[in-house]
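Take a look at the structure below.
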Amino acid sequence: MATRHERFFIGGRWVKSMGSELLELVNPASEEVYGSISAGCEEDVQRAVEAARGAFQGWSQSGVAERIAVLERIAEGLGARRREIAEVI
């Protein structure tokens, strides 16, 4: 069954793409289409850029120790899910 993904994670939440174009996901081994994703559009990029600018504001004002703690938590989360990530890849 083909899956269809039409949302992007922007500004801390999943939002529907403003565009309508879809890209097919093709298994390179079998050439079988197994899903589709939104191609996105200029408006989607603009929303993502604005969200990133807003996030950078807080990040740039945080101290080094706080940034290190955040990155360590990210690394721990990735480490805890390494088997799942390997399977997806």
Counterpart residues, side chain to side chain contact (heavy atoms under 4.5 Å, CB included), relative to [X] (two or more places apart):
{"X": "Glu66", "value": "Ser62"}
{"X": "Ser20", "value": "none"}
{"X": "Val45", "value": "Val49"}
{"X": "Glu21", "value": "Leu23, Ala39"}

Taking only residues two or more places apart in sequence or in another chain, which ones pass side chain to side chain donor-acceptor pair (under 3.5 Å) with Gln46? Glu50
Among residues at least two apart in sequence or on other chains, which ones pass side chain to side chain donor-acceptor pair (under 3.5 Å) with Ser17? Ser38, Asp44
Is it the case that one hydrophobic cluster holds both Val64 and Leu71, taking links as side-chain heavy atoms less than 4.5 Å apart, direct or via other members? no
Are Val88 and Tyr34 joined in one hydrophobic group, where the rule is that I, L, V, M, F, W and Y side chains link up if heavy atoms are under 4.5 Å apart? no
If you link I, L, V, M, F, W and Y whenever their side-chain heavy atoms are under 4.5 Å apart, who else ends up in the same group as Ile10? Phe8, Val15
Val26: hydrophobic cluster co-members (side-chain, 4.5 Å): Val33
Nearest 0.5 Å, please: how far is CD1 in Ile37 from CG in Leu25? 5.0 Å
CD (Glu87) and CZ (Arg83) are apart, to the nearest 0.5 Å, by 9.0 Å
With sequence neighbours excluded, what pairs up with Glu6 under the salt bridge (Lys or Arg N to Asp or Glu O under 4.0 Å) test? Arg4, Lys16
Those residues at least two apart in sequence (or on a different chain) that pass salt bridge (Lys or Arg N to Asp or Glu O under 4.0 Å) with Arg81 are Glu84
For Phe9, give me all partners under ring-ring contact (aromatic ring centres under 6.0 Å, His included), at least two apart in sequence or on another chain. Trp14
